[in-house]
Asks: 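One structure, as structure tokens, below. Some questions next.
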2 protein chains.
Amino acid sequence: MLRISKMTDYATVLLARLAAAPDRQLTATQLAAQSHLAAPTVSKVLKQLHRRGLVSSTLGLRGGYRLARPAAEITAAQILDALEGPMALIECARATHQCSIESTCGVGRAWQRVNLAIRRSLQEITLVELAGLGGEPVRFAALERALRGGRAERT
Amino acid sequence: MLRISKMTDYATVLLARLAAAPDRQLTATQLAAQSHLAAPTVSKVLKQLHRRGLVSSTLGLRGGYRLARPAAEITAAQILDALEGPMALIECARATHQCSIESTCGVGRAWQRVNLAIRRSLQEITLVELAGLGGEPVRFAALERALRGGRAERT
DNA sequence: CCTATATAGGACTAGTTTAGTACTAGATTG
DNA sequence: CAATCTAGTACTAAACTAGTCCTATATAGG
Ligand code: FES
Ligand code: FES
């Protein structure tokens with residue numbers, strides 16, 4: 001179904017919260033309350049995000065989390081990678097591709113290009129847009145350009 | 001990991017085979033042999049493809065499968081839909097979206113747009129390209145347009 | 001009419017993945 | 001030194017996937 005995991009979804013929500021309060025340090029408990037998510041789950045996701053360098057943390061009393069860098073520098077692709085590892089649409093696209101029928105089918109290569117194209121598109125979407133902080137409605141320039149197919153359209 | 005299921009991968013391979021022999025009727029066994037896949041699995045996938053109207057079948061002795069319509073009229077999006085149902089990147093994008101935090105998060109909406117954009121891109125990719133039958137290398141016009149970002153690039 | 005060859009459909013099982021929870025350890029403040 | 005945080009890991013339950021198997025039905029040909 002070409003879906004992302006719930007964890008990744010949660011991660012986006014939490015990152016959006018953090019992006020909305022760039023100067024404050026938020027604890028896992030606070031974020032859980034704000035997001036209406038279970039505390040242990042939130043904690044798990046945040047730990048993962050920390051490990052992948054998307055958030056920075058402070059230990060101890062009065063500790064908490066904050067974004068490791070400005071929201072504009074965090075992309076959808078990075079979030080996906082952090083939670084689910086580098087994406088590969090099909091098995092054959094993985095690192096050690098050992099597809100037995102690769103020589104004859106040629107399909108793998110085609111999917112890989114789809115893969116790459118989607119990935120690059122996701123790299124153009126930042127947390128600012130995902131969090132809806134941009135002031136203007138979310139806008140995926142590249143993808144929309146693709147969809148319009150060159151037709152000029154205003155607003 | 002944003003991946004498609006093996007079944008969908010198999011489906012693409014099988015459809016590519018059928019596309020390569022548009023005038024012949026191929027049995028599940030023949031396709032299995034050509035693709036180096038297990039016969040029961042191939043059969044299962046073909047049945048699914050038939051149910052979703054991507055291939056037509058002939059029963060009985062000397063029966064078999066063929067494409068229901070020209071390869072150029074079968075898109076990657078249709079194949080994905082056939083095997084996995086309409087794609088929804090996140091839970092909230094599903095038919096009965098009952099996300100408890102939808103009002104406050106806004107993230108769901110953003111992902112939905114990503115979802116839609118990817119989907120439309122997949123609709124521009126036909127089986128001709130996936131099967132590598134086009135003569136020229138696979139070309140995803142819309143997606144590449146998106147990636148170039150308006151920069152002119154030759155070949 | 002009977003048999004061999006195909007597809008159609010569904011049920012079933014094993015395996016893998018995901019989601020969620022719990023527990024232990026370490027850091028910081030006051 | 002006690003309270004409040006995060007860090008890391010391990011574990012369990014549930015969901016999904018992949019693959020197989022069984023039964024029914026349709027067709028061609030002897
Ligand atoms: S299915 Fe792996 S390369 Fe074609
Ligand atoms: S997570 Fe469902 S709408 Fe935000």
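Proteins come first, then strands; the chains are lettered A, B, ... in the order of their sequence lines, and each starts at number 1.
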Asks: Does a side-chain N-to-carboxylate-O contact under 4.0 Å join B/Asp9 and B/Arg3?
Replies: no
Asks: Determine: side-chain N/O of A/Ser5 to OP1/OP2 of C/dT17, distance under 4.0 Å, yes or no.
Replies: no
Asks: Hey, what do you get for CZ (A/Arg17) to CD (A/Gln30), rounding to the nearest 0.5 Å?
Replies: 12.0 Å
Asks: What are the two closest heavy atoms between B/Asp23 and B/Arg66, and how far apart are they?
Replies: O-NH2, 4.1 Å
Asks: Angle, rounded to 10°, between the helical axes spanning five pairs at each terminus of the helix from C/dC1-D/dG30 to C/dG30-D/dC1?
Replies: 10°
Asks: Choose from C/dT7, D/dA28, C/dG30 the nucleotide whose nearest atom is closest to any side-chain atom of B/Tyr65.
Replies: C/dT7
Asks: Return the value, rounded to whole Å, for the distance between atom NZ of B/Lys6 and atom P of C/dT17.
Replies: 9 Å
Asks: Rounded to the nearest 0.5 Å, how far apart are OG1 of B/Thr12 and CG of B/Leu127?
Replies: 8.0 Å
Asks: Under the side-chain hydrogen bond (donor to acceptor under 3.5 Å, both in side chains) rule, collect the residues that match up with B/Thr58, sequence neighbours excluded.
Replies: B/Gln25
Asks: Between B/Leu83 and B/Ala11, which heavy-atom pair has the shortest distance, and what is it?
Replies: CD2-CB, 3.7 Å
Asks: Tell me which residues in residues 43-59 of chain A put a heavy atom below 4.0 Å from DNA chain C, sorted by number, or none.
Replies: A/Lys44, A/Leu59
Asks: What is the distance from atom CG of A/Leu130 to atom CD1 of A/Ile74, rounded to the nearest 0.5 Å?
Replies: 10.5 Å
Asks: If you look at every heavy atom in B/Ala16 and B/Ala131, which pair is closest and at what distance?
Replies: CB-CB, 3.6 Å
Asks: Of all of residues 21-31 of chain B, which get a heavy atom below 4.0 angstrom from DNA chain D, listed by number?
Replies: none
Asks: Can you list the steps and then say if B/Leu14 with B/Leu26 is a side chain to side chain contact (heavy atoms under 4.5 Å, CB included)?
Replies: CA-CA 10 Å; B/Leu14 296 173; B/Leu26 297 173; over 6 Å; no
Asks: Of all the heavy-atom pairs spanning A/Thr126 and A/Ala72, show the shortest one and how long it is.
Replies: CG2-O, 3.4 Å
Asks: What's the CG-P distance between A/Leu61 and D/dT4, to the nearest Å?
Replies: 8 Å
Asks: Which protein N or O atoms sit under 3.5 Å from an N or O of nucleotides 13-16 of chain C?
Replies:
none

Asks: What donor-acceptor contacts under 3.5 angstrom involve side-chain atoms of residues 39-54 of chain A, with partners at least two apart or in another chain?
Replies:
from: A/Gln48; atom 1: NE2; to: A/Ala82; atom 2: O; distance (Å): 3.4
from: A/His50; atom 1: NE2; to: A/Ser57; atom 2: OG; distance (Å): 3.4

Asks: Which pair of heavy atoms, one from B/Gln123 and one from B/Thr75, lies closest together, and at what distance?
Replies: O-CG2, 3.3 Å
Asks: Does C/dA4 have its OP1 or OP2 closer than 4.0 Å to a side-chain nitrogen or oxygen of B/Arg62?
Replies: no
Asks: Would you kindly give the CG-to-C1' distance between A/Asp9 and C/dG20, to the nearest whole Å?
Replies: 16 Å
Asks: Side chain of B/Thr41: nearest nucleotide among C/dA4, D/dT20, D/dT17?
Replies: D/dT20
Asks: Tell me every residue that passes side-chain hydrogen bond (donor to acceptor under 3.5 Å, both in side chains) with B/Thr8, counting only those two or more places apart in sequence or in another chain.
Replies: B/Ser5, B/Glu84
